[in-house]
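The block underneath contains the structure these notes are about, expressed in structure tokens.
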Amino acid sequence: MADIPPDLTWTRAAPPDATGPGPWIEIAFGEGDDGEAPVHLRETSDPENVVTTNRRKWEAFVLGVQAGEFDHFVEGALESDLDD
């Protein structure tokens, strides 16, 4: 398990009008700006459990989300399910 720097700035991935505690995903970028620079992810309900990847993989994931490659995971999800 990678050492997680204590001074990371976490950004919450939640809709702007979201209310309540989530749980939400939070993202923090580690030092560096090359493809191997670390990107950390956690859930607000379990902040001690951090997953670390690198910037190259994170950017590929974001492009996949934008292209709709993961839409099948939420097919049939009710809007109210996403607000919980």
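Everything quoted here is computed from the prediction, not taken from an experiment. Start at 1 with the first residue, then count along the sequence. All values below were derived from every heavy atom in this structure, side-chain atoms included, with hydrogens, water molecules and symmetry-related copies excluded.
- Between Thr52 and Pro38, the shortest heavy-atom distance links the atoms CG2-CB, 4.2 Å.
- The same ILVMFWY cluster, assembled from side-chain heavy atoms under 4.5 Å apart, contains both Val39 and Phe61.
- The side-chain contact (heavy atoms from CB on, under 4.5 Å) test with Ile27 singles out one residue from Leu41, Val62, Leu8, and that residue is Leu41.
- Listed for the Thr44 side chain is a donor-acceptor partner under 3.5 Å among the backbone atoms of Trp24.
- When all heavy atoms are compared, the tightest approach of Pro23 to Ser45 is CB-OG, 3.7 Å.
- Below 30°, between 30° and 60°, or above 60°: for Phe70 and Phe73 the angle between ring planes is below 30°, a parallel geometry.
- Take Arg55 and apply the salt bridge (Lys or Arg N to Asp or Glu O under 4.0 Å) test, not counting sequence neighbours, and it matches no residue.
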After noting the C-alpha distance and the side-chain angles of Glu43 and Glu26, does the key distance pass the side-chain contact (heavy atoms from CB on, under 4.5 Å) rule?
CA-CA 6 Å; Glu43 189 174 324; Glu26 294 181 313; over 6 Å; no
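- Residues His40 and Pro5 approach most closely at NE2-CD, 4.0 Å, considering heavy atoms.
- Under the side-chain contact (heavy atoms from CB on, under 4.5 Å) criterion, Val51 pairs with no residue, sequence neighbours left out.
- Between Trp10 and Ile25 the shortest side-chain heavy-atom distance does not fall below 4.5 Å.
- At most 12 non-hydrogen atoms from other residues, nucleotides or ligands lie less than 6.0 angstrom from CG of Asp33.
- Note on Phe29 and Val65: same hydrophobic cluster, where clusters join Ile, Leu, Val, Met, Phe, Trp and Tyr whose side-chain heavy atoms are under 4.5 Å apart, directly or indirectly.
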